[in-house]
J.: 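One structure follows; several queries about it will come next.
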There are 2 protein chains.
Amino acid sequence: MPARVTTLKELAAQLDLSITTVSRALAGHQQIALKTRERVTEAARQAGYVPNTAARTLVSGRSGFVGMVLPIRGPNLVDSFLGEFVTGLGEGLVSHGTDLILAAVAQGQSELSVLRHVVESGRADGVVVTRIAEVDERLAYLRQRNFPFVAHGRLLDIDFAYNWLDTDGAHAFGEAFDMLYDLGHRHFGLVTIAEPMTFRHLRQDGLAAAIARRGDPSVRLDVAMAPRFDRGARIQAINRLLHGAERPTAIVALFDELALSVMEEAARAGLTIPRDLSVIGFDNIAASAYAPPGLTTFDASIRQCAREIGEMLLTVIGDRSAAPLTRLIRPTLVSRASHGPAPTG
Amino acid sequence: MPARVTTLKELAAQLDLSITTVSRALAGHQQIALKTRERVTEAARQAGYVPNTAARTLVSGRSGFVGMVLPIRGPNLVDSFLGEFVTGLGEGLVSHGTDLILAAVAQGQSELSVLRHVVESGRADGVVVTRIAEVDERLAYLRQRNFPFVAHGRLLDIDFAYNWLDTDGAHAFGEAFDMLYDLGHRHFGLVTIAEPMTFRHLRQDGLAAAIARRGDPSVRLDVAMAPRFDRGARIQAINRLLHGAERPTAIVALFDELALSVMEEAARAGLTIPRDLSVIGFDNIAASAYAPPGLTTFDASIRQCAREIGEMLLTVIGDRSAAPLTRLIRPTLVSRASHGPAPTG
DNA sequence: TGTCGGATTGCAAACGTTTTAAATCTCAAA
DNA sequence: TTTGAGATTTAAAACGTTTGCAATCCGACA
């Protein structure tokens, strides 16, 4: 069995003081004589005393934890930025000594039920919710429960105010269109996913808005929709786009994984990028830098976003009555070699 | 403030039973009449009752958490498989309803002090330790503290028994050598790192052992050592290898990031892979599939390893007196296009 | 009717901390 | 010497759960 944990009671006995005094001394209360405070602090340091989290949580009602439900993934797919996200979140939380709780979802269980469990058991003082769906029962629950949370992403119909941070995909896709238009492209392809996630709409709408802004009737947009996690179907959708009656000269993909697939299929079809086809992605995952000829994309700086989300959540936990915090991050263009002038003729 | 949390007391009052009975009924104790058990279970379900973690932990001495210290990284580098690792760990833990605690290390703080805090505060029932160093103070502490843990990786001088899971890098590097030797290669390069991590030695020793086994005095091995996180110095070390008096025909890298750098620098030097140079990596990170011409490497199946680590840790926590668990996973060769016959002449 | 035994339920302590309210101490002023 | 104000310390309750032990209930048997 593990060596005995030092407790307040033991420390108090050793110092011939009451538990109360020791507790207060360690908390730095002014009412305790300075000499006593120092004596206690030193003894605690020597004994390697660390207050018991459970006891503290029980009495204070604060756990010092922030929760997050691990995204569910198929056997061979991992959230490509989970690592970055978690790292950033840790950075954002560490200043307050807050730790992160990751709760996995068991087979056949719902993400909501896990979230509920985290909340109701008092494990966490607040939670982070990622991958927001168009209609998101998690947000509905948290709101009704009035539990502190920050969402990474937005709802579509914002019928209530809440704390969120999002990357401005609409802006990025508008920027992508403008850049490609200026390079002479008129026939565009968009590869998107079938899942009801908000970011899909925001990005597509951003693209559509930019097209509308330009007001050029010769601009054409073909949309290919692929299930997110079915690789075969994804390839099929992409090839329909590539081998249609008329091929777009520029393809914008909802995120890098799709863009990389587009580049692979284009290569397989004998197309040279960017001479025959321009491709632009979103996220800037590691592989995008390596995939020839280097994918032009937008950096979503997940780590930085997650760090801010952590900080926001700490704020929300600290002051539950504060006005909702919202933050829209503008992703930066990472210009590599997968885009160029529209092919002539 | 959040809606009131349902508590045992409230549930008991509502059912006109004692707290004890309700607690026992929910725990499924046989001594409670079946009818009562059913009545209580139903009421708890209706009320959405979830037992308070802190209270339960306090009395039982078990937190239901497993801890891990977030690896420290520079501003732009993230542990490339943290996401996979965390996902796997979650999968391994979820069956027992155990959650994962991730504790970040603040600037200027030591990883050991954070680990200590996690342990001493009773936050976790066990911990996972990754990236084992040649002499690892974390393992020394955990052992002396007799606290349940599983290490991902081994110590060099195993002077005490403990629970570990490791990928058999030695075997993989031997396999790589054999394969390359059979392809005619005689002059080898190894790109390794300067940090005192065990896996460095194990892999290098595996390579050396394979060379010795072959007993061919014409085999030559040049070793380039680069600091792990200094990209500039890394490139420099690689180029020394590429532009020495005599260039190796095959380069084995300690892990994929290094191998990808080798391929980049080789391309920059006008070399064609694998015609002029064979390159083999280790880990099979996502980018390795995309980097031209596709990196031959070994799949370390981090997710699967992490899952097993989670399961091992649960076992260790359940039975502290059990014999140490050890597990050596043999990585599988992922044969892509970066290796081939040695150039003739 | 009284008693016994098994089935069922409840009381109270304990886990380690924080905090309210009260007790004690110290020392200068009266 | 007494008084009292301020400084310092403490006792005890509380947080929500689990659990050892004791109490109660019920029907059967004598």
J.: Do B:R303 and B:T87 meet the criterion of a side-chain donor-acceptor pair at a distance under 3.5 Å?
T.: no
J.: Starting at atom CG of B:L34, determine the distance to atom C1' of C:dA7, rounded to an integer number of angstrom.
T.: 13 Å
J.: I want to verify a distance call: between C:dG16, D:dG20, D:dT9, whose nearest atom is closest to the A:A33 side chain?
T.: D:dT9
J.: Would you mind reading off the distance between A:R56 atom CZ and C:dG16 atom P, rounded to a whole angstrom?
T.: 15 Å
J.: So, does B:T7 get its side chain near the phosphate of D:dT17, meaning an N or O under 4.0 Å from OP1 or OP2?
T.: yes
J.: If you apply the rule side-chain contact (heavy atoms from CB on, under 4.5 Å), what do you find for A:W164 with A:L155, and how did you get there?
T.: CA-CA 9 Å; A:W164 56 261; A:L155 288 174; over 6 Å; no
J.: Would you say the base of D:dT19 and the side-chain of B:T20 have a donor-acceptor pair closer than 3.5 Å?
T.: yes
J.: Please tell me which of B:T21 and A:H29 maps to the more 5' nucleotide of DNA chain C, matching each residue to the nucleotide holding its nearest heavy atom.
T.: B:T21
J.: I need the CD1-C1' distance between B:I32 and C:dA7, as an integer number of Å.
T.: 10 Å
J.: Would A:R143 pass as a cation-pi partner of A:Y162, given that its NZ or CZ must be under 6.0 Å from the six-membered ring centre and within 45 degrees of the axis?
T.: no
J.: With heavy atoms under 4.0 Å as the rule, sort A:T36 into base, sugar-phosphate or nothing.
T.: sugar-phosphate
J.: What is the distance from CG of B:L58 to C1' of C:dG16, rounded to the nearest Å?
T.: 5 Å
J.: Go through the steps to decide whether B:H117 and B:V114 satisfy the test side-chain contact (heavy atoms from CB on, under 4.5 Å), and finish with yes or no.
T.: CA-CA 5 Å; B:H117 195 259; B:V114 175; 5.6 Å; no
J.: In whole Å, I'd like the distance from the CZ atom of B:R39 to the C1' atom of C:dT8.
T.: 13 Å
J.: Where the side chain of A:V59 is concerned, which of D:dC15, D:dT17, C:dT9 is the nearest nucleotide?
T.: D:dC15
J.: Measure CG/B:L17 against C1'/C:dC11 and give the value in whole Å, please.
T.: 15 Å
J.: Can a side chain N or O of B:Y49 be found less than 4.0 Å away from OP1 or OP2 on D:dG16?
T.: no
J.: Hey, does the side-chain of A:R24 have a donor or acceptor N/O within less than 3.5 Å of a partner on the base of C:dT20?
T.: yes
J.: What is the distance, to the nearest angstrom, from the CD atom on A:Q30 to the C1' atom on D:dT9?
T.: 16 Å
J.: Over how many whole Å does the gap from A:Q31 atom CD to D:dT9 atom P extend?
T.: 9 Å
J.: For B:F149 and B:L139, run side-chain contact (heavy atoms from CB on, under 4.5 Å): C-alpha distance rounded to whole Å, both residues' side-chain angles, the deciding distance at 0.1 Å, then the answer.
T.: CA-CA 9 Å; B:F149 73 95; B:L139 296 201; 3.6 Å; yes
J.: Which nucleotide in the set D:dA11, C:dT18, C:dC11 lies at the smallest distance from any side-chain heavy atom of B:S18?
T.: C:dC11
J.: Are A:S60 and C:dT18 close enough that a side-chain N or O sits under 4.0 Å from OP1 or OP2?
T.: no
